Amino acid sequence: MAIPLAETRPLPPFPWLLLGLETSCDESSASVVRWEGPGFCPQVLSLATFSQIAVHAPYGGVVPEIASRHHLETLPCMIQQALKEANLPQEALHAVAVTHRPGLIGALLVGVCTAKSLAYALQIPLVPVHHLEGHLASLFLTPEAGKPLLSTPFPMLFGLISGGHTQLYRLSSSPEHWPIDFLGTHLLCRSRDDAAGEAFDKIGKLLGLPYPGGKWVDQMSSGGNPRAFSLPRPLSQDASTLDFSFSGLKTAVALLVQAFPNSETLKAALPDLCASAQQAILDTLLSKIKLALQQETFHSLAIAGGVSANRSLRNSLRPEAFPMSSLQACFFPPLEYSTDNAAMIAAAGAFRLAQGHFLKVPDLFNLTASSH
Ligand code: KG4
Ligand code: ZN
């Protein structure tokens with residue numbers, strides 16, 4: 001005898017409680033977020049993240065197979081911890097949001113399969129979330145950060161600067177009105193080769209710093225002279241394109257490193273090397289942001305993605321730095337939500353849920369993951 005499928009229950013009125021899951025790379029993360037509805041910032045009730053950085057560090061980068069296995073082992077514990085921290089039973093959840101693209105395919109599949117099982121078992125909607133939309137949603141994760149952003153007029157220039165992506169977007173609406181395909185249709189430019197975070201990481205590796213290098217290059221730069229070494233800023237002077245390029249910079253740093261007579265002299269020059277490389281990356285980013293602000297009217301600038309944690313980047317992006325533009329304010333996510341986390345996925349899931357972009361039984365069984 002066929003067993004009937006349990007149907008997905010209808011959504012209740014606001015507030016909604018969402019569980020977010022993020023496993024696209026090397027962070028197994030679960031979070032419970034409460035959302036009062038359009039016009040409000042999602043409130044993070046809990047966030048439990050197991051970072052695999054130490055696991056991958058000996059290899060100098062993420063090993064996809066090892067990442068998937070660790071997600072499988074740690075994600076259920078993160079979900080339990082997130083529910084416990086939020087002081088909620090799983091039955092209290094109204095929806096599950098999960099990163100389904102882009103990322104490491106095996107790693108994504110762990111999150112997607114877990115989310116499908118939970119959504120079916122709890123009879124609640126499943127919301128597939130694009131990882132980059134999650135980073136954008138991270139800007140709204142605290143009222144201090146999100147409220148001023150919601151009250152600044154659009155359009156906003158949005159820079160997604162992470163380990164896998166470096167792109168600029170034109171955003172014309174608040175989260176509940178983001179068109180479903182805006183990541184494709186509202187894209188202004190992207191990196192032609194490495195992402196900015198990737199450049200930080202590769203340069204960190206060349207300089208012998210721990211993985212991932214961005215944070216360490218940032219820290220080492222503190223005492224260094226950003227003009228000590230002359231490094232290229234590819235495409236920066238080319239006003240015909242908003243695209244970025246970073247691979248030439250990495251090659252230039254590799255040549256510099258080779259010119260040092262020994263590891264002692266290289267070590268002594270590390271602060272200057274880090275500061276110079278960081279400045280080259282920031283100048284490249286700034287030149288294109290400035291060009292975009294000259295070409296069109298934008299009232300705000302927002303930067304998200306792992307590189308948005310960079311202290312010099314945060315310091316240099318202020319409206320005063322772009323006097324000829326219509327910029328009123330610059331926004332960054334709270335530091336704890338800059339790098340990959342499940343709270344941003346739950347928040348993006350809430351915005352999509354309000355638009356009706358979610359899956360119910362039996363369609364939720366068909367959700368797949370995609371690496372791009
Ligand atoms: O967004 P994210 O956590 O993962 C991706 O979606 O790629 O970004 C990770 C990237 C890494 O390349 C890391 O080195 C970089 O963000 N990153 C930083 C800093 N903290 C993290 N780059 C520069 N300065 C930082 N403080
Ligand atoms: Zn990310």
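Every number for a ligand or one of its atoms is a count from 1 in the order of the listing. Predicted, not measured: the structure shown is a model, and the values here were computed from it.
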query = How far is atom 14 (O) of ligand 1 from its nearest protein heavy atom, and which residue and atom name does that atom have?
reply = D201 OD1, 2.6 Å
request  = Could you check whether the rings of W178 and F182 sit parallel, tilted or perpendicular, using 30° and 60° as the cut-offs?
outcome  = tilted
key: the Zn ion (ligand 2) to nearest N/O/S of H131 below 2.8 Å   = yes
D340 atom (N/O/S) at minimal separation from the Zn ion (ligand 2) = OD1
message = Can you confirm if the aromatic rings of W35 and F351 lie within a centre distance of less than 6.0 Å?
response = yes
inquiry  = Are F40 and L149 linked, directly or through intermediate hydrophobic residues, by side-chain heavy-atom contacts shorter than 4.5 Å (ILVMFWY only)?
reply    = yes
remark   = Of all protein heavy atoms, the one nearest atom 2 (P) of ligand 1 is D340 OD1, 3.2 Å
task = Provide the number and element of each atom of ligand 1 under 4.0 Å from a heavy atom of H135.
result = 1 (O), 6 (O)
Contacting atoms of ligand 1, where contact means under 4.0 angstrom from a heavy atom of G197 = 12 (O)
Contacting atoms of ligand 1, where contact means under 4.0 angstrom from a heavy atom of H131 = 6 (O)
query = Can D272 and K267 be counted as an ion pair, charged N to O under 4.0 angstrom?
reply = no
inquiry  = If the threshold is 4.0 Å, N to carboxylate O, is there a salt bridge linking R190 and D243?
reply    = no
query = Taking the non-hydrogen atoms of G164, is any one of them nearer than 4.0 angstrom to ligand 1?
reply = yes
task = Mark up the atoms of ligand 1 that fall under 4.0 Å of a heavy atom belonging to G214, in ascending order.
result = 14 (O), 18 (C), 19 (C), 22 (N), 23 (C), 24 (N), 25 (C)
key: Interfacing atoms of ligand 1 (cut-off 4.0 Å, heavy-atom, G163)   = 5 (C), 7 (O), 8 (O), 9 (C), 10 (C), 12 (O)
request  = Go through T99 and S24 one step at a time and tell me if the side chain to side chain donor-acceptor pair (under 3.5 Å) criterion holds.
outcome  = CA-CA 7 Å; T99 307; S24 65; 5.4 Å; no
query = Between R69 and E73, does at least one N-O distance fall below 4.0 Å, as a salt bridge requires?
reply = no
inquiry  = Can you confirm whether or not the ring centre of Y59 sits under 6.0 Å from the ring centre of Y211?
reply    = no
message = Counting backbone and side-chain atoms alike, is an N, O or S atom of H135 positioned under 2.8 Å from the Zn ion (ligand 2)?
response = yes
request  = Show which atoms of ligand 1 fall inside a sub-4.0 Å distance from at least one heavy-atom site of D218.
outcome  = 24 (N), 25 (C), 26 (N)
Electrostatic pair E7:R9 at N-O distance under 4.0 angstrom = no
remark   = protein heavy-atom neighbour closest to atom 24 (N) of ligand 1 works out as N310 ND2, 3.0 Å
request  = Tell me which protein heavy atom sits closest to atom 20 (N) of ligand 1, plus the residue, atom name and distance to 0.1 Å.
outcome  = G306 O, 3.6 Å
